S.K.: 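Right, I'll just put the structure down here and ask away after.
Proteins come first, then strands; the chains are lettered A, B, ... in the order of their sequence lines, and each starts at number 1. What you see below is based on every heavy atom in this structure, not just the backbone, and it leaves out hydrogens, waters and symmetry mates. The structure presented is a predicted model; accordingly, all values stated were derived computationally and were not measured.
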There are 2 protein chains.
Amino acid sequence: MQTKRPRLTDVAQLAGVSSATVSLVINQRVTGNVRIPAETQQRVLDAAAQLGYVADPVAQSLAKGRNGLIGVFTFEAIFPVTQRDFYYPFLLGIEHAAETLGYDLLLYTSTSVGDGRRRIYRDGRNRLRLADGAILLGTESSKEEIQALVEEAYPFVFIGRREVPGSEISYTAADYASATVELIDRLATAGHRRIAYIGAENVTESLLDRRRGYKQGLAANALPLDARLICLCSGQKDERIALQTLLALGVTAAVVETGPIAYTLLHTCRECGIQIPADLSLGLLGDPFGDMDGTLNFSGFSIPREEMGAQAVYLLAEGLDAKTSDQPRQIALHCTPVTGSTIAPPRVHP
Amino acid sequence: MQTKRPRLTDVAQLAGVSSATVSLVINQRVTGNVRIPAETQQRVLDAAAQLGYVADPVAQSLAKGRNGLIGVFTFEAIFPVTQRDFYYPFLLGIEHAAETLGYDLLLYTSTSVGDGRRRIYRDGRNRLRLADGAILLGTESSKEEIQALVEEAYPFVFIGRREVPGSEISYTAADYASATVELIDRLATAGHRRIAYIGAENVTESLLDRRRGYKQGLAANALPLDARLICLCSGQKDERIALQTLLALGVTAAVVETGPIAYTLLHTCRECGIQIPADLSLGLLGDPFGDMDGTLNFSGFSIPREEMGAQAVYLLAEGLDAKTSDQPRQIALHCTPVTGSTIAPPRVHP
DNA sequence: CTTGCTTGATAATGCGCTTTATCAAGATTT
DNA sequence: AAATCTTGATAAAGCGCATTATCAAGCAAG
């Protein structure tokens with residue numbers, strides 16, 4: 001039982017050479033200017049083997065200047081109970097890519113501020129700096145911190161589109177706009193002419209993309225844009241009224257912004273006796289889910305979350321490896337259409 | 001726009017002090033022999049904030065042997081698709097505890113060996129050493145690596161009981177033995193006298209605990225131990241026969257080792273026309289799950305996974321803080337009984 | 001016998017931070 | 001006025017390893 005691990009110098013001493021020689025031999029850096037004959041090398045290797053020498057990774061990374069860590073920062077808890085299904089696929093992709101590239105992942109867990117929200121800066125210090133670069137994930141409460149990151153040129157990649165006024169940042173995002181256009185196409189192809197948009201009141205980049213896609217999709221199918229068909233409501237109470245109004249306006253189909261909205265909408269429809277998809281076709285602008293009783297599966301598209309996570313890591317690594325600080329890059333990933341049971345041709349008017 | 005992260009010396013220069021002063025102030029080591037007036041300290045803190053300084057964990061750990069990181073090592077991928085529901089609660093607890101204690105989490109992702117299995121030692125080097133200590137999780141393929149960890153005195157805590165011949169290690173485990181005893185109690189109280197044990201062929205610590213609990217439970221209820229009632233089978237094909245044999249031996253209840261086994265058992269019973277729980281009461285020695293058609297919920301106990309994760313972190317942190325290398329500790333956590341619908345009094349014989 | 005090249009290997013420096021002994025200057029006591 | 005104490009801070013020595021310029025010795029060529 002040896003009380004302390006052998007150091008580089010221990011090996012050097014045993015082999016009767018300098019520590020530099022040991023380092024060079026062990027790391028196979030014996031090229032060009034440096035020449036060590038085979039027998040000396042063997043002597044070093046034997047000594048290392050005899051002592052069971054293992055280089056200290058900490059000292060190594062200090063000497064090499066990089067620590068091989070990629071940080072993962074989420075604005076909510078990384079393993080949240082409620083967001084579970086949301087974050088998980090991203091992490092899956094991140095982990096896989098990190099593994100492929102030989103990076104380790106650093107999860108920032110010491111940054112909580114008490115109210116559950118997490119902050120990048122604590123006491124004015126950027127905690128992300130622990131790692132070579134970081135992946136950012138989740139809904140930020142303000143753009144200030146991101147702005148600050150940009151200013152101090154810390155390498156990071158966002159998952160999900162983010163726009164920061166005055167500066168460009170790297171991100172990997174789902175191509176919501178195209179996917180929405182495609183969904184409108186499907187509805188139009190089915191024969192729908194008046195397609196409503198039902199969304200939340202929030203304004204985030206990804207929601208804006210969907211709304212943009214909606215307008216593009218209408219235009220692409222030569223359908224007129226009617227502002228009355230765009231319904232950004234959050235209150236449950238007037239939902240029934242809003243729904244009736246839409247139907248009265250001749251709406252036969254609607255795209256719904258998010259899962260939760262679709263969920264409550266579904267219930268409202270049931271209460272009002274509106275048949276899906278007979279009376280109203282629905283397209284979900286996001287990952288479809290089935291109804292509780294298994295009779296209904298949403299039509300929509302699936303968001304390539306795992307891919308987004310992986311690409312974010314690749315993007316970050318690319319930036320880290322680049323000698324010159326290169327331009328930020330954005331990657332839009334294609335969403336896969338999902339055929340469900342909520343789209344049907346419109347009922348022929350009597 | 002500064003291209004590289006600020007160093008200790010940058011802060012020192014800006015504050016007009018030495019780097020030693022900065023280090024002392026930032027780490028709150030201003031005690032005893034060292035005196036720095038409040039205003040100077042403030043100056044240092046301001047400078048650090050202005051530059052966004054964060055100590056390099058690598059340099060820190062090289063210099064003082066600690067870096068505030070807790071490693072999380074799993075022998076399978078950390079975010080595995082299939083094991084998802086299994087690992088997740090542990091991570092939840094780990095994250096929460098780490099957050100409470102102010103540690104960051106380091107996920108080892110670069111240690112894969114190609115066959116999907118992960119190894120602690122790569123090229124003979126202990127990758128864990130990057131963090132102060134580590135939480136180990138999952139099913140190890142061999143005890144060699146653990147043994148090696150013990151020998152080099154690296155601090156770690158296993159989640160799940162592990163025994164390593166010749167040395168004692170720290171772990172947090174579910175108290176399977178007690179929970180099993182309690183489940184046997186429930187069956188005995190319901191009137192069962194001949195209770196079978198249905199398990200796998202594997203031999204892991206936690207399975208051994210259940211088998212031990214089974215015997216203890218029988219003894220506690222003054223029931224005889226009949227070796228024929230212990231059925232450690234893995235083959236599906238003879239399951240029906242085994243089941244019939246058990247029933248022929250007068251068995252009216254059984255405890256089942258794991259979920260997957262219970263799942264197939266359930267199907268076998270259906271095929272054979274055995275009613276659960278009328279013909280046979282079942283107790284699951286683990287987290288119960290419902291049947292697909294919602295008609296049946298297993299009786300069993302729930303494993304405090306989140307708590308296990310959290311306690312592991314606390315245990316590890318305790319060991320790290322201890323000046324003297326203290327003894328390994330083991331924590332057994334209580335499992336909560338779950339009342340399902342698979343236990344009923346035995347059918348009264350005609 | 002110089003000069004110049006090759007071989008074999010190392011001294012020295014740095015990575016960024018921690019830590020302790022030490023010290024100068026002013027304040028206080030004798 | 002000399003001795004002592006206190007205050008405020010730092011110089012310097014690592015931690016374990018990587019890297020590069022440099023150097024001594026041997027040898028061939030001029």
Side-chain angles (χ1 to χ4, degrees), chain A residues 4-13 15-45 47-48 51-69 125 129-132, chain B residues 2 4-45 47-48 51-69 123-126 129-130 132 152 323:
Chain A
K4 52 182 174 182
R5 349 182 339 159
R7 308 300 177 198
L8 202 55
T9 52
D10 298 325
V11 179
Q13 208 163 10
V17 294
S18 74
S19 66
T21 304
V22 178
S23 174
L24 292 171
V25 169
I26 293 203
N27 296 311
Q28 294 165 310
R29 286 269 134 57
V30 192
T31 52
N33 203 10
V34 172
R35 291 160 292 258
I36 317 255
E39 42 186 332
T40 306
Q41 293 199 33
Q42 194 53 53
R43 198 149 33 89
V44 169
L45 292 176
L51 294 178
Y53 171 75
V54 167
D56 183 340
V58 174
Q60 271 186 314
S61 58
L62 178 59
K64 289 203 270 232
R66 292 247 308 254
N67 57 20
L69 297 183
R125 307 192 209 165
R129 283 203 182 285
L130 284 176
D132 288 339
Chain B
Q2 22 194 357
K4 52 183 176 182
R5 7 182 327 182
R7 309 299 177 198
L8 199 57
T9 52
D10 299 325
V11 179
Q13 208 163 10
L14 181 60
V17 295
S18 73
S19 64
T21 304
V22 178
S23 173
L24 292 170
V25 169
I26 292 199
N27 297 309
Q28 293 166 310
R29 285 274 133 60
V30 192
T31 51
N33 202 10
V34 172
R35 292 161 290 259
I36 318 259
E39 41 187 333
T40 305
Q41 294 200 34
Q42 193 55 52
R43 198 147 34 88
V44 169
L45 292 176
L51 294 178
Y53 172 78
V54 164
D56 182 340
V58 174
Q60 268 185 312
S61 79
L62 181 58
K64 66 176 171 185
R66 291 275 295 266
N67 57 15
L69 298 183
D123 303 333
R125 309 180 190 185
N126 173 6
R129 266 189 53 89
L130 208 49
D132 289 340
E152 61 172 290
K323 309 289 176 282

S.K.: With DNA chain D as reference, determine whether B:Leu24 or B:Ala63 sits nearer its 5' end, using the nearest nucleotide of each.
M.R.: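 Result of the comparison: B:Leu24.
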S.K.: Rounded to the nearest angstrom, tell me the gap between atom CZ in A:Arg5 and atom P in D:dC15.
M.R.: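 So the two atoms are 14 Å apart, to the nearest Å.
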S.K.: Mapping B:Leu62 and B:Ala20 to their closest nucleotides on DNA chain C, which lands nearer the 5' end?
M.R.: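 First, find each residue's nearest nucleotide; the 5'-ward one identifies B:Leu62.
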S.K.: So what does B:Val17 hit on the nucleic acid, given a heavy-atom distance under 4.0 Å: a base, only sugar-phosphate, or nothing?
M.R.: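 Sugar-phosphate, no base atom in range.
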S.K.: Check every nucleotide of DNA chain C for an atom under 4.0 Å from a heavy-atom of chain A, then give the first and the last such nucleotide from 5' to 3'.
M.R.: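 From 5' to 3', the first and last contacting nucleotides are C:dT7 to C:dG16.
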S.K.: Assuming nearest nucleotide by heavy-atom distance, tell me which of A:Ser19 and A:Ala59 is located more 5' along DNA chain C.
M.R.: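 It is A:Ser19, whose closest nucleotide lies nearer the 5' terminus.
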S.K.: Take A:Gln60 and A:Asn27 through the side-chain contact (heavy atoms from CB on, under 4.5 Å) test and state the conclusion after the steps.
M.R.: CA-CA 11 Å; A:Gln60 271 186 314; A:Asn27 296 311; 4.1 Å; yes
S.K.: In Å, rounded to the nearest 0.5 Å, how long is the span from OG1 of B:Thr21 to CD1 of B:Ile36?
M.R.: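 Interatomic distance, B:Thr21 OG1 to B:Ile36 CD1, rounded to 0.5 Å: 4.5 Å.
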S.K.: Taking C-beta and beyond as the side chain, do B:Ser19 and B:Arg7 meet within less than 4.5 Å on heavy atoms?
M.R.: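 Counting from C-beta outward, B:Ser19 and B:Arg7 never come under 4.5 Å.
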S.K.: Quick check on contacts: within residues 33-42 of chain A, what sits under 4.0 Å from DNA chain C by heavy-atom distance?
M.R.: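 Nucleic-acid contacts, sorted: A:Asn33, A:Arg35, A:Ile36, A:Pro37, A:Thr40.
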S.K.: Can you measure A:Lys64 atom NZ to D:dG16 atom P for me and round it to whole angstrom units?
M.R.: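 Between P of D:dG16 and NZ of A:Lys64: 17 Å.
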S.K.: Can you name the closest pair of heavy atoms from B:Ala47 and B:Ala15 and give their distance?
M.R.: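 So the two residues come closest at CB-CB, 3.9 Å.
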S.K.: Over how many whole Å does the gap from A:Asn67 atom CG to D:dC17 atom P extend?
M.R.: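 About 18 Å, once rounded to whole Å.
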S.K.: Decide yes or no for B:Arg5 and B:Asp56: does some side-chain heavy atom of the first lie under 4.5 Å from some side-chain heavy atom of the second?
M.R.: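 Yes - at least one pair of side-chain heavy atoms lies under 4.5 Å apart.
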S.K.: Can you tell me how far the CD1 atom of B:Ile26 sits from the CG atom of B:Leu8, to the nearest 0.5 Å?
M.R.: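 Answer for the CD1-CG pair, B:Ile26 versus B:Leu8, is 6.5 Å.
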S.K.: Identify the residue among B:Val17, B:Val11, B:Val44 that makes a side chain to side chain contact (heavy atoms under 4.5 Å, CB included) with B:Val25.
M.R.: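 Looking at B:Val17, B:Val11, B:Val44, the match for B:Val25 under the side chain to side chain contact (heavy atoms under 4.5 Å, CB included) is B:Val44.
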S.K.: Would a 4.5 Å heavy-atom cut-off, applied to side chains only, mark B:Arg29 and B:Val34 as touching?
M.R.: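 A side-chain contact is absent here, since even the closest heavy-atom pair is not under 4.5 Å.
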S.K.: Hey, are the side chains of B:Asp132 and B:Asn67 touching, using non-hydrogen atoms and a 4.5 Å cut-off?
M.R.: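 Of all side-chain heavy-atom pairs linking B:Asn67 with B:Asp132, at least one is under 4.5 Å.
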S.K.: To the nearest Å, how far apart are B:Arg66 CZ and D:dG16 P?
M.R.: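 Distance, rounded to whole Å: 17 Å.
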S.K.: Roughly how many Å is it from CD in A:Gln28 to P in D:dT19, rounded to a whole number?
M.R.: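 My rounded result for the distance is 13 Å.
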S.K.: Measure the distance from CD on A:Gln60 to P on D:dC15 and round it to the nearest whole Å.
M.R.: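 It works out to 17 Å between those atoms.
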